[in-house]
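A short worksheet on the structure shown next.
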Amino acid sequence: RIEALEVEAVPAEGFAEFSILKSSKLERPSVRISPDLAVCDDCLNELFDPNDRRFGYPYINCINCGPRYSIILELPYDREHTTMREWSMCSDCQREYNDPSNRRFHAQPIACPACGPHLELHHGSQAVYGDETVIQAVQLLQEGQILAIKGIGGYHLACNARDANAVQRLRERKFRKEKPFAVMARDLEVAKELIELTPEVQALLLAPARPIVLAPARLELAGVATGYLELGVMLPYTPLHHLLFAYGAPDVLVMTSANRSSEPIAYQDQDALERLVGIADAFLIGQRAIARHVDDSVMRVSSRFDRVVLRRARGLAPSAVARLPSQQAILAVGGDLKNTVALTVNSQVIVSQHLGDLENQATFSAFEQTVYDLCRVHELQLEDCLVAHDLHPSYHSSAFALELPARAHVAVQHHRAHIASVLAEHQAFETRVLGIALDGTGYGDDGTIWGGEFFVGNLNNLERIAHLESVMLPGGGAAARFPVQSAAGFLANLETPDLSAAPFHFPDRYFKALKLVRQGVRCHASSSTGRLFDAVAALCGFTREITFEGQAAIWLEQLAQHSPQVQAYPFGFDGRVLRHRDALEQIVQDRIRGRRPSEIARAFHAGLAHGVFQTALALCEKQNLDTVALSGGVMQNALLLDLIHMKLTEHKLQVWTNLEIPPNDSGISLGQSALCAFSAPIKTDTLSHFGLI
């Protein structure tokens, strides 16, 4: 990808041939680290050519494919700075490495069976080496066993996706109750059986990143994604994946991160052997070490946009996602959910791979390691950096940031960071826009919880000028786990029937939460769009605890997809506040009258989209704006995003969304970097500067 072109005339030096000289360090590294790449067709042809010396070799690669980010220990990118330094090239590999006409010319990870790493299969007390490893691994998969398979950025847990018993055992062992699994299809023909394989979906499946692609499912694999309209599918991207299928592995494999739910993916061999005991029946281990864990990337095709990135990791990270007009080194530590870390060096914003939720100690340790890793690789001292963090006083990431030595610490409000991430990606530094951040929760300037925010401005200043109607949410973070608890906040001031009776069947938790709201105990004012979705999901029948983040909102979106278009519920805008009271009252009445929950869900989506549109139209006219920037976790809702986008563009408004990074909290670190670059930071060692203490 060409990002800049500079032409400079230089005198001829008289060289007779082209050569690549040994790297020397004169100043801070500026060359970007390449993401890991899927195996190329040329290497695949050699892999299955009995006459080729790399026939069947699981570590085949060249300059066009193979690992990069996951094996690099430091820059410059030379073999001795990678995890391949343990293996010296044989004479044949060395000859290819030195030949400018060969596609392995200066390909740092190259190896062959004579000089490179190999595979091991550990099954109980037995260990198998050599050619039999793949054959026996395939046999175990055919028998319904669960395998831990070492990939490029970590281990996967794999089993036959068509074997309901194997899938159920994996769920039970991994403690993954309901969250859908992703699968790996043997090839495009198998993928076509599983999902609606449009040209756009196929292009994403075959993209160099080889992401997991969410697409409408054509059949249901028992236990894999029960009750969901979409299925996450990816194609083989390592030589080992192709070898497994070639030797007869089931044509659809569950391929999920090797961990217990909420933990980071296992990527070090000994850690995997210890942590995955009781989950995996056997371990297919590659001898090449992994420098850092990198999950699979996740994308979705959008009817309004080329694609939406939902998780940015293997194949995408750590590419630079934006350039900022600042030479200042900036470390942005992101938020606490779906964390990523961003480092701005030489004006380029490099965003790390998806790390996860920092409530988990192992994930927090990975977060710390990533911070130091990025700085070490780019030879930056923390003392020379601006360190940006979220405004929330209780975020683990913020507390960590404030302990770092830094040129200055800069607090950035969560939803401004969401909007700033869009502006940074579009390289629109001074363009005034209307920014709409629809999200779960984020700490606001006034100490309340925000999540439905309208801003006007640019990277120099984003002023909050409107918001979703606020309610008192009971119990803090528990409201995000129990939709009925969110419902208590939204319904407290409405006239409602007995919600313990049919058709609602609200549990006792709702009434305890309602009591807290009415007594003003342990409640927080919130304008969260995410919690509004939870409340409506509860009214439509989702009255239990969620088992993964965003489950109730995803359930509501899926429910809405089962309904044709219906009349929207009313959302009114009074110039400052987008009101939801009338919509909620009608939802309650419609449930009592027996209206189908799918129609209610659809009418809610349509109503919220129309309310956001009407608000945007009024604010753009008042502020003389023609561009709207959309971001925040709720913008992952494909139905809502499409409805908002359609209405805005019909009225000739330009709509910007995130391009390379997700609209969820994975994009916070980029937004923090951008706002930090355009601020005049004051060194602060405590949060008192921000009026929080």
Side-chain angles (χ1 to χ4, degrees), residues 38-39 44 47-48 56 58 119-124 128 131-152 154-174 176 179-197 201-202 205-206 210-215 217-226 228 230-259 265 272 276 279-286 296:
V39 60
L44 280 179
L47 181 68
F48 293 110
L119 300 176
E120 307 170 5
L121 179 69
H122 294 250
H123 184 209
V128 179
D131 296 339
E132 287 295 309
T133 55
V134 176
I135 296 172
Q136 292 203 21
V138 166
Q139 184 176 344
L140 291 171
L141 289 169
Q142 291 172 339
E143 294 171 355
Q145 302 291 298
I146 297 169
L147 256 64
I149 301 174
K150 189 175 182 181
I152 283 184
Y155 280 81
H156 282 110
L157 290 168
C159 71
N160 184 355
R162 299 186 193 269
D163 184 339
N165 291 328
V167 174
Q168 183 58 33
R169 284 198 305 276
L170 179 55
R171 282 203 177 277
E172 292 171 353
R173 294 179 185 182
K174 189 177 160 72
R176 186 166 173 142
K179 190 174 183 180
F181 283 129
V183 299
M184 179 176 284
R186 182 185 61 207
D187 51 33
L188 281 173
E189 283 303 308
V190 176
K192 187 175 182 179
E193 176 190 352
L194 300 174
I195 56 176
E196 294 181 11
L197 194 63
V201 169
Q202 180 171 319
L205 285 170
L206 294 173
R210 286 296 195 281
I212 297 169
V213 180
L214 290 179
R218 296 188 65 185
L219 60 80
E220 184 169 312
L221 299 167
V224 172
T226 303
Y228 288 86
E230 291 182 315
L231 180 65
V233 177
M234 58 181 157
L235 294 177
Y237 58 84
T238 72
L240 177 56
H241 294 153
H242 287 277
L243 287 170
L244 287 168
F245 286 118
Y247 277 91
D251 63 351
V252 188
L253 295 173
V254 168
M255 277 281 190
T256 185
S257 299
N259 54 14
I265 186 174
L276 303 178
I279 303 180
D281 297 308
F283 295 79
L284 186 53
I285 301 174
D296 295 310

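Along the sequence shown, residues carry numbers from 1. Treat the numbers as computed from the prediction; the structure is a model and nothing was measured. Hydrogens, waters and symmetry mates play no part in the numbers below; they use all other heavy atoms, side chains included.
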Hey, could you give me the [atom1]/[atom2] distance between [X] and [Y], rounded to the nearest 0.5 Å?
| X | Y | atom1 | atom2 | value |
| --- | --- | --- | --- | --- |
| Leu235 | Ile212 | CG | CD1 | 11.5 Å |
| Thr226 | Leu221 | OG1 | CG | 9.0 Å |
| Gln202 | Leu188 | CD | CG | 5.0 Å |
| Leu147 | Phe283 | CG | CZ | 9.0 Å |

With heavy-atom distances below 4.5 Å as the criterion, would you say the side chains of [X] and [Y] are in contact?
| X | Y | value |
| --- | --- | --- |
| Val252 | Met184 | no |
| Leu253 | Val183 | no |
| Val190 | Val233 | no |
| Val254 | His156 | no |
| Met234 | Met255 | yes |
| Leu284 | Thr133 | yes |

Set of side chain to side chain donor-acceptor pair (under 3.5 Å) partners for [X], sequence neighbours left out:
| X | result |
| --- | --- |
| Glu196 | none |
| Gln168 | Glu172 |
| Glu230 | Arg300 |
| Arg169 | none |

Show every donor-acceptor pair shorter than 3.5 Å between a side-chain atom in residues 237-248 and any protein atom, with sequence neighbours excluded, or say none if there are none.
{"residue": "Tyr237", "atom": "OH", "partner": "Asp296", "partner atom": "OD1", "Å": "2.9"}
{"residue": "Tyr237", "atom": "OH", "partner": "Arg314", "partner atom": "NE", "Å": "3.3"}
{"residue": "Thr238", "atom": "OG1", "partner": "Leu240", "partner atom": "N", "Å": "3.4"}
{"residue": "Thr238", "atom": "OG1", "partner": "His241", "partner atom": "N", "Å": "3.1"}
{"residue": "Thr238", "atom": "OG1", "partner": "His241", "partner atom": "ND1", "Å": "3.2"}
{"residue": "His241", "atom": "ND1", "partner": "Tyr237", "partner atom": "N", "Å": "3.3"}
{"residue": "His241", "atom": "ND1", "partner": "Thr238", "partner atom": "N", "Å": "3.3"}

- prompt: Mind checking what makes salt bridge (charged side-chain N to carboxylate O under 4.0 Å, His left out) contact with Asp281, not counting sequence neighbours?
  reply: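 Asp281 satisfies salt bridge (charged side-chain N to carboxylate O under 4.0 Å, His left out) with Arg173 only.
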- prompt: Does Lys174 have any salt bridge (charged side-chain N to carboxylate O under 4.0 Å, His left out) partners at least two apart in sequence or in another chain, and if so, which?
  reply: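 In terms of salt bridge (charged side-chain N to carboxylate O under 4.0 Å, His left out), with neighbours along the sequence ignored, Lys174 is linked to no residue.
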Applying side chain to side chain contact (heavy atoms under 4.5 Å, CB included), name anything that partners [X], two or more places apart in sequence or on another chain.
| X | result |
| --- | --- |
| Asp131 | none |
| Glu143 | Gln139, Leu140, Gln145 |
| Pro180 | Ala225, Tyr228, Phe548 |
| Ala215 | Ile195, Val201 |

Pairwise side-chain hydrogen bond (donor to acceptor under 3.5 Å, both in side chains) hits with a residue in residues 184-195, at least two apart: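 Only Arg162-Glu193 qualify under side-chain hydrogen bond (donor to acceptor under 3.5 Å, both in side chains).
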message: If I compare all heavy atoms of Leu157 with all of Ser257, which pair ends up nearest, and what's the gap?
response: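 Closest approach of Leu157 to Ser257, heavy atoms only: CD1-O, 4.1 Å.
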Verdict with reasoning, Phe181 to Arg176, per side chain to side chain contact (heavy atoms under 4.5 Å, CB included): CA-CA 9 Å; Phe181 283 129; Arg176 186 166 173 142; 3.4 Å; yes
field: Main-chain N/O of Lys179 paired with Arg171 side-chain donor or acceptor, under 3.5 Å
entry: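 Flag set: sc Arg171 to bb Lys179 pair under 3.5 Å.
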